[in-house]
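Shown next, in structure tokens, is the structure this report addresses.
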Protein chains: 2
Amino acid sequence: MDASENTAQGKAKPAQKPRIRDAEATKARILEAAKREFAKSGLGGARVDVIAEKARANKRMIYHYFDSKERLFQTVLENAYLDIRIAEQKLNLDHLDPREALERLVRFTWDYYLKNPEFITLVNSENLHRAKHLKKSETVKDYSRRFVSMVQSILERGVAAGVFRKGVDPVQLNITVAAIGYYYLTNRFTGSIVFERDLMTKEALEERLHFNIDTILRLVAA
Amino acid sequence: MDASENTAQGKAKPAQKPRIRDAEATKARILEAAKREFAKSGLGGARVDVIAEKARANKRMIYHYFDSKERLFQTVLENAYLDIRIAEQKLNLDHLDPREALERLVRFTWDYYLKNPEFITLVNSENLHRAKHLKKSETVKDYSRRFVSMVQSILERGVAAGVFRKGVDPVQLNITVAAIGYYYLTNRFTGSIVFERDLMTKEALEERLHFNIDTILRLVAA
DNA sequence: CTGTCAAGTAACCAGTTAGTGCATTAACGG
DNA sequence: CCGTTAATGCACTAACTGGTTACTTGACAG
């Protein structure tokens, strides 16, 4: 998306010429800042002025590129979903041993949530608003469909190999894989209080990951 | 608001005399309205005026009884936690067959979330704020401690009876029981879009409950 | 060099928000 | 009855909010 490409010869400017005006870069900065701010405070709590400041942009730019706070949120959310789906696609679990594939999926989901904490908060925020923004996105549905069928094929291969039991619904499995990681992390603050232990130490995180892998493998085991 | 009630005999009012001024009743109405409004819009999105209106009270009353929006939220949240813990206590799982006890716990958790959808949203909101309100509550910790040890004793009895395996951490189990219900319900809106099926039909809910019971029993099975 | 258009800015606005000051009134003890 | 106290209501504000108007400035084609 960087419009300036190396046009070395003649009058054309050198490639790295720092453009003071760069619509794409500004848009990207706004989206990044918005993601953080929405994740931190939710749609209702986020402040457009704060986003503008964090993005080193003017508030007017936000309305120029995204029309409204809500449409900005929608774009941020859609991007977040596309990011995780693209990352999932890259996992390439289709050629692995079914149990290995499932373990990798649990591990990936966990790591992704850990490294992209905004994702969880954005999804929570969207559900608070009854998913009215996500409804508008067709692309998200496409990616999700491919993802479900990936898990389904893992299950089928496992059944064929005799290591998984029959009749496990891939959607329920998917939900469960997400749930056991997502819940732990999204509720880590109240959880640490209720259970009187720090859920976020390195050891606690590792323990939970292995517990989760175990949970899923036992769930599908023949 | 029907202030006029039968005050049949002399000066002494009958016990049930509907008081026009009733601090406790007003407080209770405010708390109920606040619970709904906070659950619906989150702490940031909730409007004090709306709470006052829904409670058929004046905004001034809210500040009279609860000092600030944030302290109101704190009270609502604390009550919500106490409510679920008290309900859990009433389950009396200690004398049941361990597997039956665990199944009832999963079922209870699920039903409670379904019947008290505000609980989930309040907890989400509190985690968005890094649990800064819950931190102040000692009572919640007390109840939670008792709850964890209840689950622990079920596990121990199961191990002794040879139906559960050894070494399952009761805290991890608790978290998982909550997670598989909580996640499904809190993310029901985005979930219904992503998986292209209505997750809230009677059949879908029943299917999920049984899937969850199955998941937990497989997790602890010897 | 320059005209044009997009990128960028500052100041502003109208509506809303949490929170208050103060007057009023019901309850209740004496 | 009456005086005190707590419950209630109204009207207000100071700060903030999303969104906009009117303007300046840089890039780039011709």
Side-chain angles (χ1 to χ4, degrees), chain A residues 1-5 7 10-31 33-34 37-38 41-76 129 133, chain B residues 1-5 7 10-31 33-34 37-38 41-76 129 133:
Chain A
M1 280 289 180
D2 47 338
S4 58
E5 191 49 80
T7 52
K11 65 244 157 179
K13 301 100 202 164
Q16 285 78 11
K17 188 216 162 191
R19 294 218 275 153
I20 296 177
R21 299 198 162 189
D22 188 333
E24 291 309 317
T26 305
K27 261 194 208 174
R29 283 203 319 279
I30 291 174
L31 280 174
E37 178 68 6
F38 283 134
S41 312
L43 171 54
R47 297 298 160 230
V48 178
D49 293 85
V50 174
I51 295 173
E53 197 185 359
K54 277 192 188 172
R56 283 168 292 130
N58 191 281
K59 188 166 58 154
R60 194 65 193 79
M61 289 290 92
I62 293 177
Y63 288 94
H64 181 52
Y65 291 124
F66 301 99
D67 295 335
S68 72
K69 185 187 181 184
E70 223 153 302
R71 278 181 54 91
L72 175 60
F73 179 80
Q74 193 182 318
T75 310
V76 166
H129 296 274
H133 309 94
Chain B
M1 279 292 179
D2 47 336
S4 58
E5 189 48 84
T7 54
K11 67 241 153 177
K13 301 101 199 166
Q16 287 79 12
K17 187 216 163 193
R19 296 213 278 155
I20 295 179
R21 299 200 159 187
D22 187 332
E24 289 311 313
T26 307
K27 262 192 205 175
R29 283 203 320 279
I30 291 174
L31 280 174
E37 178 67 5
F38 282 134
S41 311
L43 172 53
R47 297 297 160 230
V48 178
D49 293 88
V50 174
I51 295 172
E53 196 185 0
K54 277 192 187 170
R56 283 168 292 130
N58 191 281
K59 188 165 57 153
R60 195 68 194 75
M61 290 290 89
I62 292 177
Y63 288 94
H64 182 54
Y65 291 124
F66 301 101
D67 295 334
S68 71
K69 186 187 181 184
E70 219 149 309
R71 278 181 55 90
L72 175 60
F73 179 80
Q74 191 182 319
T75 309
V76 166
H129 292 89
H133 309 93

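Values below: every heavy atom of this structure, side chains too, minus hydrogens, waters and symmetry copies.
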- Message: Does A/Lys27, at its NZ atom, have more than 12 non-hydrogen atoms belonging to other residues, nucleotides or ligands within less than 6.0 Å?
- Response: no

- Other residues, nucleotides, ligands: >12 heavy atoms within 6.0 Å of B/Arg71 CZ: no

Checking all strands, does [X] fall into the base, sugar-phosphate, or nothing category for heavy-atom contacts under 4.0 angstrom?
{"X": "A/Tyr65", "value": "sugar-phosphate"}
{"X": "A/Ala46", "value": "sugar-phosphate"}
{"X": "A/Ala25", "value": "nothing"}

- Do A/Arg60 side-chain and D/dT21 base share a donor-acceptor contact under 3.5 Å? yes

Side chain of [X], heavy atoms from C-beta onward: which of [options] has the nearest atom to it?
{"X": "B/Tyr63", "options": "C/dG19, C/dG8, D/dT8", "answer": "C/dG19"}
{"X": "B/Lys59", "options": "D/dT20, D/dA7, C/dA18", "answer": "C/dA18"}
{"X": "B/Ser68", "options": "C/dG19, D/dG19, D/dC10", "answer": "C/dG19"}
{"X": "B/Arg47", "options": "D/dA22, C/dT17, D/dA7", "answer": "C/dT17"}
{"X": "B/His64", "options": "D/dT20, D/dA7, C/dG8", "answer": "D/dA7"}

- Item | Interatomic spacing from CD1 in A/Ile51 to CZ in A/Phe73 - rounded to 0.5 Å |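 Separation between the atoms: 10.5 Å.
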
- Which value, rounded to the nearest 0.5 Å, describes the distance between A/Glu70 atom CD and A/Leu43 atom CG? 5.5 Å

- Is it true that B/Glu37 and B/Lys54 have a side-chain N and a carboxylate O under 4.0 angstrom from each other?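 Yes, this pair counts.
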
Between [atom2] of [N] and [atom1] of [X], the distance in whole Å:
{"X": "A/Glu53", "N": "C/dA10", "atom1": "CD", "atom2": "P", "result": "12 Å"}
{"X": "B/Phe66", "N": "D/dA7", "atom1": "CZ", "atom2": "C1'", "result": "14 Å"}
{"X": "B/Arg56", "N": "D/dT8", "atom1": "CZ", "atom2": "P", "result": "12 Å"}
{"X": "B/Asp49", "N": "C/dT20", "atom1": "CG", "atom2": "P", "result": "14 Å"}
{"X": "B/Lys27", "N": "D/dA6", "atom1": "NZ", "atom2": "P", "result": "12 Å"}
{"X": "B/Lys69", "N": "C/dT17", "atom1": "NZ", "atom2": "P", "result": "9 Å"}
{"X": "A/Asn58", "N": "D/dG26", "atom1": "CG", "atom2": "P", "result": "15 Å"}
{"X": "A/Glu24", "N": "D/dA27", "atom1": "CD", "atom2": "C1'", "result": "16 Å"}

